[in-house]
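All values below were derived from every heavy atom in this structure, side-chain atoms included, with hydrogens, water molecules and symmetry-related copies excluded.
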Amino acid sequence: MTERGRALVTGAARGIGAAIARRLAADGWEVVTLDLQPGCDLVLDVAGDPFPPLEDVEVCVANAGITTTIAPAHRMTVEQWQRDIDVNLTGAFRTVQACLGGMRARRSGRIVVISSVAALGGLPGQVAYAASKAGQLGMVRTLASENAAHGITVNAVLPGLVATEQVLAMPAEVRARALQMTPSGRMVEPAEIAAVTAFLAGPEAAQVSGQTIAVDGAASLNTLSLGSERR
């Protein structure tokens with residue numbers, strides 16, 4: 001993969017996906033954007049709409065997802081649960097599968113799934129979201145194992161609290177509460193997620209596969225100290 005080819009980014013209309021698309025384009029990739037929102041190259045629902053031919057995609061970034069299903073497990077409806085699973089997990093699988101045949105034929109490819117730190121620590125009030133993101137990690141490791149001999153790497157990036165349009169629109173007290181759990185003291189910038197994704201898409205990451213990389217300001221780490229607190 002010394003020459004830049006075609007890259008697919010789903011959920012590319014805004015936020016993390018838009019930042020990834022910009023970064024890959026700046027790195028020389030021919031970026032195909034996909035979203036339900038108008039303005040992207042492909043407008044479709046990854047959960048069930050048919051994909052166009054994607055055999056020429058060399059970098060597949062499965063980023064499309066929904067985060068708005070909020071309900072405790074004992075009150076979550078089956079429909080709410082299923083929609084998160086359909087979009088976040090099945091949608092990611094369908095996206096990767098659409099690109100995988102061409103990658104295997106060429107014996108090269110990069111697959112990056114944008115998961116979440118909720119996959120590691122859970123997320124109260126969003127059990128379907130956390131489960132769908134955790135399922136992505138099992139998918140990533142399996143795909144990495146199946147395709148390593150074909151020159152294909154598969155990795156997951158796990159964002160924490162990212163300063164997207166959606167997050168910045170949350171009430172200030174909610175953002176402040178989330179920041180209290182982030183040791184770095186600030187939100188992650190979308191460009192920082194894009195930078196890690198760009199590395200995994202590049203030739204330097206040829207031997208990095210089956211990995212989960214959290215970009216969360218250390219929020220997923222245990223920062224409890226039983227000794228005297230020193231900073």
Using a 3.5 Å distance criterion without hydrogens, assess whether the side chain of [X] forms a donor-acceptor pair with backbone atoms of [Y].
| X | Y | answer |
| --- | --- | --- |
| Asn155 | Gly210 | yes |
| Gln80 | Thr77 | yes |
| Thr33 | Asp41 | yes |
| Asp49 | Leu44 | no |
| Glu165 | Gly15 | yes |
| Glu192 | Glu189 | yes |
| Gln211 | Ser209 | yes |

Non-hydrogen atoms of [X] and [Y] that approach each other most closely:
| X | Y | answer |
| --- | --- | --- |
| Ser115 | Pro159 | O-CD, 3.2 Å |
| Thr197 | Val112 | CG2-CG1, 4.0 Å |
| Val57 | Arg106 | O-NH2, 2.8 Å |
| Ile152 | Met103 | CD1-CB, 3.6 Å |
| Gly217 | Pro183 | O-CD, 3.3 Å |
| Arg110 | Thr153 | CD-OG1, 2.9 Å |

### Task
For Arg141 and Thr212, run side chain to side chain contact (heavy atoms under 4.5 Å, CB included): C-alpha distance rounded to whole Å, both residues' side-chain angles, the deciding distance at 0.1 Å, then the answer.
CA-CA 9 Å; Arg141 294 187 182 101; Thr212 58; 3.8 Å; yes
### Query
When Leu8 is tested against each of Val61, Val31, Leu24, Thr95 for side-chain contact (heavy atoms from CB on, under 4.5 Å), which residue passes?
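Exactly one option meets the side-chain contact (heavy atoms from CB on, under 4.5 Å) with Leu8, and it is Thr95.
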### Message
Name the residue from Leu120, Ile213, Asp216 that meets the side-chain contact (heavy atoms from CB on, under 4.5 Å) definition with Leu158.
### Response
Leu120
### Task
Could you check Phe51 against Val46 for side chain to side chain contact (heavy atoms under 4.5 Å, CB included), going step by step and ending with a plain yes or no?
CA-CA 8 Å; Phe51 285 92; Val46 296; 4.1 Å; yes
Honestly curious: do [X] and [Y] fall in one hydrophobic cluster under the side-chain, below-4.5 Å linking rule?
| X | Y | value |
| --- | --- | --- |
| Phe93 | Val140 | yes |
| Val154 | Leu137 | no |
| Val59 | Leu143 | no |
| Val113 | Val157 | no |
| Val32 | Trp29 | no |

### Query
So, Asp84 and Thr69: side-chain donor and acceptor under 3.5 Å apart, yes or no?
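Thr69 and Asp84 do have a side-chain donor-acceptor pair below 3.5 Å.
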### Task
Ignoring hydrogens and angles, state whether a donor on the side chain of Gln166 or Thr67 is under 3.5 Å from an acceptor on the partner side chain.
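There is such a pair (donor and acceptor under 3.5 Å, judged by atom type) between the side chains of Gln166 and Thr67.
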Would you indicate whether the side-chain heavy atoms of [Y] and [X] approach each other to under 4.5 Å?
| X | Y | answer |
| --- | --- | --- |
| Arg14 | Thr164 | no |
| Leu179 | Met187 | yes |
| Val188 | Ile193 | yes |
| Met139 | Thr142 | no |

Which value, rounded to the nearest 0.5 Å, describes the distance between [X] atom [atom1] and [Y] atom [atom2]?
| X | Y | atom1 | atom2 | result |
| --- | --- | --- | --- | --- |
| Arg75 | Ile70 | CZ | CD1 | 12.5 Å |
| Arg175 | Thr182 | CZ | OG1 | 13.0 Å |
| Leu100 | Cys60 | CG | SG | 9.0 Å |
| Asn88 | Ile114 | CG | CD1 | 12.5 Å |
| Leu89 | Ser132 | CG | OG | 6.5 Å |
| Thr10 | Leu42 | OG1 | CG | 10.5 Å |

### Query
In this structure, are over 12 heavy atoms from other groups packed under 6.0 Å from Met76 atom CE?
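More than 12 within 6.0 Å, yes.
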### Derivation and outcome, side chain to side chain contact (heavy atoms under 4.5 Å, CB included), residues Glu204 and Phe199
CA-CA 7 Å; Glu204 298 88 352; Phe199 166 73; 3.9 Å; yes
### Task
Would you sort out whether Glu58 and Arg107 count as a salt bridge (charged side-chain N to carboxylate O under 4.0 Å, His left out), showing the intermediate values?
CA-CA 10 Å; Glu58 296 185 38; Arg107 301 188 68 82; over 6 Å; no
